[in-house]
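One structure is given here, and the rest of the page talks about it.
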Amino acid sequence: MKHILLIIALIGSMAITGFSCLSSKKAQTEPAEENPTPVQTIVPDTFVLPQIPEIMKDPEERAKYLVMHYWDRFDFSDRNLIRRPEITEQAFVDYINILGYVPQEDADASLIHTLRKAETDTMMYVHFTELFEKYFYDPNSPFRNEEYYLPVLQEVEASPLLTEESRSRYGFQREMAMKNRIGESANDFTYTVASGQSFRLYDLKSEYTLLMFTNPGCSTCTAVTERLKESRELNDALALNSPTRTMLTILALSPDNDLDEWIAHLPEIPVRWVYAYDKSGEITTKKLYDIRAFPTLYLLDKDKKVVLKDTSIEMIESFFSVH
């Protein structure tokens, strides 16, 4: 926790909620000077936080300074630091945690600035692109965030420091990340239910639609289904459904069109849910959604605009607890 506490002290009176508990014990800082532009000396084989000018008193301004100068004292030319995750990767985790304390435009500028500093050394640049991919894009990362990842992708996709194969992969990731962004209309598709009838997503008349891409036989999907079934917040929302109003529709959809396997798992799905599969396979063939793991959860509003993308049960419950 030492590194995080130092960061909090540097920023000012901010809450520590949301910071990683895996903070680097190698982190150090020095007393800030009154000089508004202190000299930042690179310190080898360790990570040292930047000095924030003492004249800066506003927490938001201090946070902006910190994200733009976070790596000032890190030696990007030292390849040995690539093999020191307790220094480099931990500092990276703490860095992405503080991005939430500044506006998106400042976070974007900081991310690009970080990548350009990493251009000092090709191996270090590759290492940082891999860290961004691991933490912002991997479906198992608790820090995954496509809005932060997009400026990174736009930068690395054209980088001459990467191989053509890597640039192509990042280009594909950018193309998929641009789909179904929060606040934008979700891609429409046709789904088929047990009766054999087919419907369009946009035909659903519901104030909210919880779209769960699932896969029959997936143990994680079964566990998430059980969690959703037991969720007080979701059950309270479903209880508001009536003949004249549909507050929430839960659409559990298999992008696979293996009918026999899909039918075999029909008993697992609550009767109040809509259980369906993609008979035409258009979700996969047209790449309508970026489904990197099962299950993948989206929350849509009545106009089918994305409220939450590739989200968690906790985020969904939090949303309904205040709506």
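The figures that follow rest on heavy atoms only: side chains count, while hydrogens, waters and symmetry mates do not. These numbers were taken from a predicted model, which means no experiment stands behind them.
Side-chain atoms of I283 and L253, non-hydrogen and from C-beta on, do get closer than 4.5 Å to each other. In this structure, the side chains of T249 and L210 stay at 4.5 Å or more apart for every pair of heavy atoms. Taking the side chain as every heavy atom from C-beta outward, L115 and V152 approach each other to under 4.5 Å. K286 places none of its side-chain heavy atoms less than 4.5 Å from the side chain of F189. Looking at heavy atoms from C-beta onward, T296 lies in side-chain contact with Y298 at the 4.5 angstrom threshold. At a threshold of 4.5 Å between non-hydrogen side-chain atoms, the residues K57 and R62 do not count as touching. Side-chain atoms of V67 and Y101, non-hydrogen and from C-beta on, never get closer than 4.5 Å to each other. No side-chain heavy atom of L308 sits under 4.5 Å from any side-chain heavy atom of L297.
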Subject >> Step-by-step salt bridge (charged side-chain N to carboxylate O under 4.0 Å, His left out) determination, K229 to E226 >> reply: CA-CA 5 Å; K229 284 165 59 176; E226 290 302 313; 3.0 Å; yes
**OP:** Please test S110 against L99 for side-chain contact (heavy atoms from CB on, under 4.5 Å), starting from the C-alpha separation and ending with a verdict.
**Re:** CA-CA 8 Å; S110 173; L99 293 174; 4.1 Å; yes
**OP:** Decide yes or no on side-chain contact (heavy atoms from CB on, under 4.5 Å) for K304 and S185, but give the supporting numbers first.
**Re:** CA-CA 6 Å; K304 303 302 179 287; S185 298; 6.0 Å; no
Subject >> Audit row: R144, F136, side-chain contact (heavy atoms from CB on, under 4.5 Å) steps and yes/no >> reply: CA-CA 4 Å; R144 66 185 185 277; F136 283 159; 5.8 Å; no
**OP:** Take T209 and L299 through the test side-chain contact (heavy atoms from CB on, under 4.5 Å) and record every step on the way to the result.
**Re:** CA-CA 6 Å; T209 300; L299 183 65; over 6 Å; no
Original post:
Run the side-chain hydrogen bond (donor to acceptor under 3.5 Å, both in side chains) check on Y125 and T120 step by step: do they pass?
Top reply: CA-CA 8 Å; Y125 186 83; T120 299; over 6 Å; no
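Using a 30° and 60° split on the angle between ring planes, Y289 and F213 fall in the tilted class, from 30° to 60°. Using a 30° and 60° split on the angle between ring planes, F92 and F128 fall in the perpendicular class, above 60°. Below 30°, between 30° and 60°, or above 60°: for F74 and F76 the angle between ring planes is above 60°, a perpendicular geometry.
To the nearest 0.5 Å, atom CG of residue D256 and atom SG of residue C218 are 12.5 Å apart. L288 contributes atom CG, which lies 9.0 Å from atom CG of D188 (distance to the nearest 0.5 angstrom). How far CD of Q40 is from CG of L49: 10.0 Å, rounded to the nearest 0.5 Å. Between T114 atom OG1 and Y95 atom OH the span is 3.0 Å, to the nearest 0.5 Å. Considering CG of D301 and NE2 of H323, their distance stands at 10.0 Å, rounded to 0.5 Å. Atom CG of residue N215 and atom OG1 of residue T222 lie 10.0 Å apart, to the nearest 0.5 angstrom.
Salt bridge annotation for E317-R232: absent, with no cationic side-chain nitrogen under 4.0 angstrom from a carboxylate oxygen. Using a cutoff of 4.0 Å between basic side-chain nitrogens and carboxylate oxygens, E175 and K287 are not scored as salt-bridged. Salt-bridge check for E282 with R200: passed, with a basic side-chain N closer than 4.0 Å to an acidic carboxylate O. Of the charged side-chain nitrogens involved, none lies within less than 4.0 Å of a carboxylate oxygen, so that D290 and K179 do not count as a salt-bridged pair. Ion pairing between R174 and E157 holds under the 4.0 Å rule for side-chain N and carboxylate O. A salt bridge does not link R181 to E146: none of the charged nitrogens lies less than 4.0 Å from a carboxylate oxygen. Between R292 and D138 there is no salt bridge, since none of the side-chain N atoms of the basic residue sits less than 4.0 Å from a carboxylate O of the acidic one. Electrostatic pairing of E86 and R84 counts as a salt bridge here, judged by a charged N lying under 4.0 Å from a carboxylate O. With salt bridges taken as basic N to acidic carboxylate O contacts below 4.0 Å, none links E119 and R116. Looking at K64 and E60, a side-chain N of the basic residue comes within less than 4.0 Å of a carboxylate O on the acidic one, giving a salt bridge.
In this structure a side-chain-to-backbone donor-acceptor pair under 3.5 Å is present from D121 to M123. When atom types are taken as modelled, the side chain of R79 and the backbone of M124 share no donor-acceptor pair closer than 3.5 angstrom. Checking side-chain atoms of T129 against main-chain N and O of V126 turns up a donor-acceptor pair under 3.5 Å. Checked by atom type and distance alone, the side chain of H113 never pairs as donor or acceptor with a backbone atom of A109 at under 3.5 Å. Y70 contributes a side-chain N or O that, together with a main-chain N or O of A91, makes up a donor-acceptor pair within less than 3.5 Å. A donor-acceptor pair is defined here as one N or O able to donate and one able to accept, closer than 3.5 Å; such a pair exists between the side chain of T88 and the backbone of L81. For the pair S321 (side chain) and S318 (backbone), a donor-acceptor distance under 3.5 Å is present. For the pair H69 (side chain) and I52 (backbone), a donor-acceptor distance under 3.5 Å is absent. Remark: the backbone N or O of Y137 is not paired with any side-chain donor or acceptor of S141 at under 3.5 angstrom. Here the side chain of R227 pairs no donor or acceptor atom with the backbone of I313 at under 3.5 angstrom.
In summary, the side chains of S166 and T163 do present a donor paired with an acceptor at a separation below 3.5 Å, with no hydrogens or angles considered. Judged purely by distance below 3.5 Å, without hydrogens or angles, the side chains of D75 and S77 pair a donor atom with an acceptor atom. With hydrogens and angles left out, the side-chain atoms of N180 and E184 include no donor and acceptor closer than 3.5 Å. Counting only N and O atoms by type, the side chains of S206 and T246 include no donor and acceptor under 3.5 Å apart.
In this structure, Y148 and L111 approach most closely via the heavy-atom pair O-CD1, 3.2 Å. Between L201 and L300, the shortest heavy-atom distance links the atoms CD2-CD1, 4.0 Å. Minimum heavy-atom separation, P295 to T220: CD-CG2, 3.8 Å. Closest of all the heavy-atom pairs between A276 and W262 is O-NE1, 3.0 Å. Between V102 and A107, the shortest heavy-atom distance links the atoms CG2-N, 3.8 Å. Shown here for D78 and D45, the closest heavy-atom pair between the two residues is OD2-N, 4.0 Å.
The ring of Y208 has its center closer than 6.0 angstrom to the ring center of F320. Aromatic pair Y135/Y149: ring centres not closer than 6.0 Å.
Judged by the 6.0 Å distance and 45° axis criteria, R73 is not positioned over the aromatic ring of F47.
Linking Ile, Leu, Val, Met, Phe, Trp and Tyr whenever their side-chain heavy atoms come within less than 4.5 Å puts L266 and M212 in one cluster. M315 and I182 end up in different hydrophobic clusters when Ile, Leu, Val, Met, Phe, Trp and Tyr side chains are linked at under 4.5 Å.
Within a 6.0 Å radius of NZ in K279, other residues, nucleotides and ligands contribute 12 heavy atoms or fewer. When the shell of 6.0 Å around CD of E314 is examined, it contains more than 12 heavy atoms from other residues, nucleotides or ligands.
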